[in-house]
Amino acid sequence: MLKKIYKIIIVPYSLLLLYLMFLGMGRFQYEENLITVEPVFSTVKFIQGPHKTVDIVTIVLGNIIMFIPFGFLGWMIPELKN
């Protein structure tokens, strides 16, 4: 029963994560094929800048928690173990 529920839930969850990664939170698609370096600069600025440890821990734990459901794919779908 748990495997059926997982197989039903993982597809919308994957679509939600894809939406959040590529289109959500104010992101938008450019009309032209541009390669921007703004994400690189903002990441470097974040690493170099003074930040609270709480912010960094929140970001890391948030990423880990968001992707935990994918860790169960091998258990739910045995073909993926190989």
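Not measured: the values here are computed from a predicted model. These numbers come from the heavy atoms of this one structure, side chains and all, not from hydrogens, waters or symmetry mates.
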Report yes or no: does Y13 contribute a side-chain atom to a donor-acceptor pair with the main-chain N or O of M66 at less than 3.5 Å? yes

Do I10 and L15 sit in the same hydrophobic cluster, where Ile, Leu, Val, Met, Phe, Trp and Tyr count as joined when their side-chain heavy atoms come under 4.5 Å apart? yes

Would you kindly confirm whether L17 and I8 end up in one hydrophobic cluster when ILVMFWY residues are joined by side chain heavy atoms under 4.5 Å apart? no

Say you draw a straight line from CG of L16 to CD1 of I9; how long is it, rounded to the nearest 0.5 Å? 11.5 Å

I'd like a table of donor-acceptor pairs (distance under 3.5 Å, sequence neighbours excluded) in which one partner is a side-chain atom from residues 67-74, with atom names and distances.
none

Under 4.5 Å between side-chain heavy atoms, hopping through other hydrophobics if needed: is there a path connecting V54 to I56? no

